[in-house]
Amino acid sequence: MSNLKKVTVTDSNLTKIKSDFLAVGLFEDGSLTGIGSQVDKSLKGAVKKAFDLKDLKGKEEETQLFYNGADRYLVVGLGKKEKFDPVAMRKAGGTVAKFAVSRKFDKVAAESFGNENDALFTQALAEGLILGSYQFDGYKTGKEDKIFPLKTAVILDGNRTGARQGSINAASVCYARDIENHPGNVVTPSYLAKAAGDIAREGGMKLTVFDRDKIEKIGMGGLAGVASGSDEPPKFILLEYYGGKKGEKPVALVGKGLTFDSGGISIKPATNMDEMKYDMCGAGVVLGVMKAVAQLKPKKNIVAAIPSTENLSGGRAVKPGDILTAYNGKTIEVLNTDAEGRLILADGLSYVCKHHDPEFIFDFATLTGAVVIALGHVCSGIMGTDEKLIKEVKESSLRTGEKVWEFPLWQEYRDQVKSKIADVRNIGEPRQAGTIAAGAFLEAFVKKGTPWVHFDIAGTAYGMKENPYLPKHGATGETIRLVLDVLANR
Ligand code: BES
Ligand code: ZN
Ligand code: ZN
């Protein structure tokens, strides 16, 4: 609900900057970045003294305020000098933002920490400043619960292009975090459709929304099946952005928009079931990316599909044993109604393959509890059909600091989702390789030859450990920056 909207750059001198403090960087070897030594001179060597006394060590996330008359300087630890990269820069930005918010400073200035006019470093710093400023004030009504917003941030001698890219990237992540943090009685499939409509208007995109009747009529049996247990209207949401050449194959993004997952008839245990409001975070990723696309206007064609519904256990709900027919005509034996994400994604993947013949497909889903068992809340699980595309994803992962780990998609796992009486079944072998079984299931709905990568974000969409650019709790918006990086580097 609150985040710094954008970061600007300035080349003006120290005396002209209007901010509550100026942040300067300190490495673990005691060296100060950029104008740091100049600042320390004005402080009569106080920073150097603090370092010599070991009161300041230059470690990441360290902060110490210094005063020169009415001027404040924030010394920020940057870690090891030889390891300082955009990932560390992003953390430094987050550290500055979190410090400002915690001390109720709303205007910050930071120098470029030794990387003046460098697009990638400025981008990372801008991202850190915005991501670190993010706060969701939720639904508390007390005066003392009011959040304190960070209003402006300026980077000395930063790179303008980098600041713009970083601002748009990070503000889009915050936009997605907001949507993801709202509860299931607010963020319904209709809410997601409205958000997509806002993005379409902003970015000159085409919006198509199918309702329950249409979903059933055109044969999206997976989405219709899952939606049959809930009175909340399901939606199939499609955003089309054409910034590339006419006829050029689009990139396709598909996101799981399960606005609440009770498990359906195969109902989940009560403990932590509330967390299943986050089961739409795949849709959040897709909306976050498209929000950035609306502003960046890349010379590319991009389509985004969001199948969206609740998974409840109403009188018409799909039952274990039921057989559904997906949009591509394949039949699915539903052996567990809680493995519903793959059912709605089956239609999303089939739809973009049939109508858009994508250059490649990414899908995002809080798909399996098994991925949290395997990888914890540290990285997203990925798998796919195209080595080159997977390599690009891994490279973007390193640049953005959004970790991924690849699982194998071997024939043995495809065999595990074969059904005795239908084409596929929606679960694999009990208690075995659940994340890969889900991926193998999805693969059956991707047209042969179309490069595709599946992101299982059940462990990363929320619940990650706090760091300078991640919030203490709630949605993270992870993988949005990774996708934007893949798009920017293609
Ligand atoms: N939405 C869940 C996956 C999930 C679990 C996300 C925990 C975040 C945290 C998904 O729909 C689901 O319930 N999957 C089942 C599949 C199983 C029935 C094969 C699971 O992981 O238990
Ligand atoms: Zn489920
Ligand atoms: Zn689910």
Side-chain angles (χ1 to χ4, degrees), residues 180-181 184 187 189 192 222-223 225-230 232 234 254-285 306-313 317-322 324 332-348 363-381 407 413 416-417 419 424-442 454-464 473-476 478-479:
E180 295 169 358
N181 279 327
V187 171
L192 295 181
L223 178 55
V226 176
S228 63
S230 170
E232 186 65 42
V254 182
K256 172 178 174 181
L258 226 295
T259 57
F260 186 75
D261 180 12
S262 74
I265 297 295
S266 316
I267 198 161
K268 287 181 180 294
T271 309
N272 298 335
M273 202 207 267
D274 58 289
E275 288 181 1
M276 286 302 117
K277 69 172 184 175
Y278 293 120
D279 214 17
M280 40 59 68
C281 285
V285 169
I306 297 173
S308 182
T309 178
E310 291 181 338
N311 184 24
L312 298 187
S313 45
V318 67
K319 306 171 291 296
D322 285 0
L324 306 172
I332 308 167
E333 186 185 12
V334 179
L335 290 180
N336 188 315
T337 66
D338 195 12
E340 85 299 335
R342 61 199 79 180
L343 300 176
I344 70 170
L345 288 172
D347 288 331
D363 81 70
F364 307 89
T366 45
L367 206 60
T368 66
V371 82
V372 192
I373 306 284
L375 303 172
H377 296 282
V378 171
C379 65
S380 303
F407 289 109
Y413 299 113
Q416 293 186 0
V417 291
S419 159
V424 285
R425 59 181 196 185
N426 78 332
I427 54 172
E429 297 295 328
R431 304 174 62 80
Q432 290 175 37
T435 302
I436 308 178
F441 176 95
L442 294 181
H454 159 59
F455 292 72
D456 192 331
I457 58 169
T460 49
Y462 64 97
M464 290 182 85
H473 49 80
T476 61
E478 279 265 312
T479 67

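Just so you know, ligand 1 is whichever comes first in the structure, and atom 1 is the first atom listed for that ligand.
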Looking only at distances, please establish whether an N/O atom of ligand 1 is found under 3.5 Å from an N/O atom of [X].
{"X": "Asn336", "answer": "no"}
{"X": "Thr368", "answer": "no"}
{"X": "Tyr462", "answer": "no"}
{"X": "Arg342", "answer": "no"}

Return the closest protein heavy atom for atom 10 (C) of ligand 1 as residue, atom name and distance.
Leu367 O, 3.3 Å
Note the single closest protein heavy atom to atom 7 (C) of ligand 1, along with its residue, its atom name and the distance in Å.
Met276 CE, 3.7 Å
Classify the contact between Val372 and ligand 1 as side chain, backbone, both or neither, using a heavy-atom distance cut-off of under 4.0 Å.
neither
If you measure from each non-hydrogen atom of Lys256 to ligand 1, which part falls under 4.0 Å: side chain, backbone, both or neither?
side chain
From [X] [atom1] over to [Y] [atom2], what is the distance, rounded to the nearest 0.5 angstrom?
{"X": "Leu258", "Y": "Thr366", "atom1": "CG", "atom2": "OG1", "answer": "7.0 Å"}
{"X": "Asp322", "Y": "Leu335", "atom1": "CG", "atom2": "CG", "answer": "10.0 Å"}
{"X": "Asp261", "Y": "Met273", "atom1": "CG", "atom2": "CE", "answer": "8.5 Å"}

So that I can check it, does any N, O or S atom in Glu340 come closer than 2.8 Å to the Zn ion (ligand 3)?
yes
With a cut-off of 2.8 Å, does Lys256 put an N/O/S atom close enough to the Zn ion (ligand 3)?
yes
If you consider just the N/O/S atoms, which atom of Asp279 is the closest one to the Zn ion (ligand 3)?
OD2
Looking only at non-hydrogen atoms, the one of Val371, Leu258, Asp261 nearest atom 2 (C) of ligand 1 is Asp261
Filtering Ala370, Ser262, Gly369, Gly428 for the heavy atom nearest atom 5 (C) of ligand 1 leaves Gly369
Result for side chain to side chain contact (heavy atoms under 4.5 Å, CB included) between Thr337 and one of Ile265, Asn426, Ile267, Leu312 points to Ile265
Per side chain to side chain contact (heavy atoms under 4.5 Å, CB included), Ser308 is matched among Ile344, Leu192, Val187, Leu223 by Leu192
With a 4.5 Å cut-off on side-chain heavy atoms, are Leu367 and Leu442 touching?
yes
[X] heavy atoms, cut-off 4.0 Å: which ligand 1 atoms fall inside?
{"X": "Ala458", "result": "6 (C), 8 (C)"}
{"X": "Ile427", "result": "19 (C)"}
{"X": "Thr366", "result": "1 (N), 2 (C), 3 (C), 6 (C)"}
{"X": "Lys268", "result": "2 (C), 12 (C), 13 (O)"}
{"X": "Glu340", "result": "11 (O)"}

Here the N/O/S atom of Asp261 closest to the Zn ion (ligand 2) would be OD2
Please lay out, stage by stage, how Phe364 and Asp456 fare under the test side-chain contact (heavy atoms from CB on, under 4.5 Å).
CA-CA 6 Å; Phe364 307 89; Asp456 192 331; over 6 Å; no
Quick one, Glu340 with Lys256, criterion side-chain contact (heavy atoms from CB on, under 4.5 Å). Give me CA distance, side-chain angles, the key distance, then yes/no.
CA-CA 10 Å; Glu340 85 299 335; Lys256 172 178 174 181; 3.0 Å; yes
Check against side-chain contact (heavy atoms from CB on, under 4.5 Å), Phe441 and Leu345:
CA-CA 10 Å; Phe441 176 95; Leu345 288 172; over 6 Å; no
Give a yes-or-no answer on whether the side chains of Glu478 and Thr460 include a donor-acceptor pair shorter than 3.5 Å.
no
State if Glu275 counts as touching ligand 1 under the rule of any non-hydrogen atom under 4.0 Å.
no
Would you please determine whether Asp338 falls within less than 4.0 Å of ligand 1 on a heavy-atom basis?
yes
Can you say whether the rings of Tyr462 and His377 are parallel (under 30°), tilted (30 to 60°) or perpendicular (over 60°)?
tilted
Taking it one step at a time, do Asp279 and Thr259 satisfy side-chain contact (heavy atoms from CB on, under 4.5 Å)?
CA-CA 6 Å; Asp279 214 17; Thr259 57; over 6 Å; no
Could you walk me through whether Glu333 and Ser419 pass the side chain to side chain donor-acceptor pair (under 3.5 Å) test, one step at a time?
CA-CA 7 Å; Glu333 186 185 12; Ser419 159; 2.6 Å; yes
